[in-house]
Amino acid sequence: MKKSIWKKVLSITMAAAMLTGASAQAVLAEEAEKQTIVYWAQWSENETQAEVLKDAIARFEEANPEYTVEVNWAGRTVRDIMRTSIEAGSVIDVIESSDIPAQLGEEFCMNITEYVKGTKLETDITEGMIAFARLFTTDKESWYFVPAQPFVGTIFYNKAIFAEAGIEELPETWTEFMDCCQKIVDAGYAPLTADDAYLPLLYNVYMGSMLGVDAVTELMNETSTELWDDPAVEQMAKAYEEMASKGYFAEGTGSFVFPTAQNTEFALGTTAMYINGSWLPNEVAEITGDDFQWGAMFFPSPDGAQEPYTTYMTGCQFYAVPTTSENPEGAVKLIEEFTSEQTQQDLLEKCQCIPVIGGLDLPDNLADCGTLMEEATNAVPWNYCLTTNSEIQGIVNASFAKLIAGDITGEEFVEEVRGQLN
């Protein structure tokens, strides 16, 4: 009797062991079948952005059980090691950095157009940001870089001043802009001001609207360029000469050292407009308070402009799939989760990051920036420049400061700059 009982116990134990072994083998087999996606992030693991992306990865893995994501929280050092790591053959499926187009380019990043086709990357990312990412590609059509966490370069304006001046429609042309400035003067305010750090935004955006990014990049990098003889340059200079002569710049503009103009003339409400990036509302929040009525608009088109009016300046982070990727299809799916509505909403609420997709409500001080992004058909690099030679910019800045202060004419500005560069 006892032997029979012990035989049954032994049989049950052996069966359980076999089942346990089988289960373990099944689990191991399932894990072996999972495909690993290697993601190198530009965030440190304790940053808020990293916490948002961890949640996104968890959602991705739950929705796609065939994948597991391995993260290298490299932080900002990713920009220093990504190229050498890829050259050395390191397997990376998704990499993130603002420097990807410059450091990796098409040589080290895959053309992922075939994987992007039919995904929400095509439909949800705003048209302007897609155009901006493609600006860094050879054919201006393919997907090598996926934009994320953009900023907006714009003319910020005080809606209360515009309303008091009776301005009901935002100016789209330079003529309309000048009319707008006169209405602001008639209402008792200064139309526009600038700090020394942001003077290039005035002259480069005007010239960029007419000549494009490549031409402005040449102007700001090559001392021997003949583009300073281009009629567009003199047109820009004469346009600002006219503004200065009509009193359209706040008194002292041309001599303001950053952040004087933004913190006083604009933030205190005596000047209506200030061209800057979407970080401005946060920088002056303690000065403006909650009652400041923030507006943002496209740069008005000069006569003869080649770029569309619906163009804004931007910069952003980029996602890319390096050439060493072993799973490009899964990589694009992960990037799709990173740019999804849920992830973008979390980045907006928890990190104050402007979304790269349309349809999300931004706080009041950035709402118009979101509207610009959704309405834009084109986006260009900050300052209309891919790179800038600081010495050339310093020369142009010094002469431009005199121009908008009314100390020299437009023709004298051009002559002065040419004389110092040649």
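All residue numbers in this chain count up from 1 along the given sequence. Computed from heavy atoms alone, side chains included, the values below leave out hydrogens, waters and symmetry copies.
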- Query: Can you tell which of W174, F177, Y309 makes a side-chain contact (heavy atoms from CB on, under 4.5 Å) with S301?
  - Reply: Y309
- Flag, side chain of T270 to backbone of E265, donor-acceptor distance under 3.5 Å: yes
- Item | Salt-bridge criterion met for K402 and E412 (N-O under 4.0 Å) | no
- Message: So that I know where these two stand, are Y67 and F60 an aromatic pair - ring centroids less than 6.0 Å apart?
- Response: yes
- Message: Under a 3.5 Å cutoff, is there a donor and acceptor pairing between the side chains of S340 and R59?
- Response: no
- What are the two closest non-hydrogen atoms of D93 and S325, and how far apart are they? OD1-OG, 2.7 Å
- Would you tell me whether E416 and S399 have side-chain atoms, one donor and one acceptor, within less than 3.5 Å of each other? yes
- Please report the shortest heavy-atom distance between A237 and L403, naming the atom on each side. O-CD2, 3.6 Å
- Query: Any side-chain donor-acceptor pair under 3.5 Å between Y248 and E242?
  - Reply: no
- Distance flag, aromatic centroids of Y157 and F162, threshold under 6.0 Å: yes
- Item | Distance flag, aromatic centroids of Y240 and F413, threshold under 6.0 Å | no
- Query: Would you find more than 12 non-hydrogen atoms of other residues, nucleotides or ligands less than 6.0 Å from E70 atom CD?
  - Reply: no
- More than 12 heavy atoms from other groups under 6.0 Å of CD on E374: yes
- Item | Side-chain donor-acceptor pair present, N46, S44, cut-off under 3.5 Å | no
- Nearest atoms (heavy-atom pairs only) where I86 meets P322: CD1-CB, 3.7 Å
- Pair K34 + E61, salt bridge at N-O below 4.0 Å: no
- Query: Would Y384 and E307 count as having a side-chain donor-acceptor pair, cut-off 3.5 Å?
  - Reply: no
- Message: How about CD on E391, more than 12 heavy atoms from neighbouring residues, nucleotides or ligands closer than 6.0 Å, or not?
- Response: no
- Donor-acceptor contact present, side-chain E241 to main-chain G410, <3.5 Å: yes
- Taking all non-hydrogen atoms of both residues into account, name the closest pair between N263 and V284 and its distance. OD1-CG1, 3.4 Å
- Message: Is it the case that the side chains of D195 and Y274 hold a donor-acceptor pair, with the cut-off being a distance below 3.5 Å and no angle test?
- Response: yes
- Task: Report the C-alpha distance between F258 and Y198 in whole Å, list the side-chain angles of each, state the deciding distance to 0.1 Å, and finish with yes or no for ring pair (Phe, Tyr, Trp, His ring centres under 6.0 Å).
- Result: CA-CA 8 Å; F258 177 79; Y198 295 114; 5.6 Å; yes
- Query: Salt bridge check: are E51 and K54 linked by an N-O gap of less than 4.0 Å?
  - Reply: yes
- Query: Is there a donor in the side chain of T137 and an acceptor in the side chain of S142, or the other way round, less than 3.5 Å apart?
  - Reply: no
- Closest heavy-atom pair and its distance - T138, E106: N-OE2, 2.6 Å
- Message: What I want to check is whether the side chains of E122 and W143 have a donor and an acceptor closer together than 3.5 Å.
- Response: no
- Message: Under a 3.5 Å distance rule, please check whether R134 uses its side chain to pair with a backbone N or O of E141 as donor and acceptor.
- Response: yes
- Under 3.5 Å: donor-acceptor pair, side chain of Q42, backbone of V78: no
- Task: Apply salt bridge (Lys or Arg N to Asp or Glu O under 4.0 Å) to the pair R76 and E47, showing each step before the final yes or no.
- Result: CA-CA 12 Å; R76 307 305 182 273; E47 290 186 270; 2.8 Å; yes
- Message: Just checking W382 against F132, ring centres under 6.0 Å apart?
- Response: no
- Item | More than 12 heavy atoms of other groups within 6.0 Å of E286 CD | no
- Taking the six-membered ring where the residue is Trp, are the ring centres of F338 and Y39 under 6.0 Å apart? yes
- Task: Answer yes or no: does atom CD of E329 have more than 12 heavy-atom neighbours from other residues, nucleotides or ligands under 6.0 Å?
- Result: no
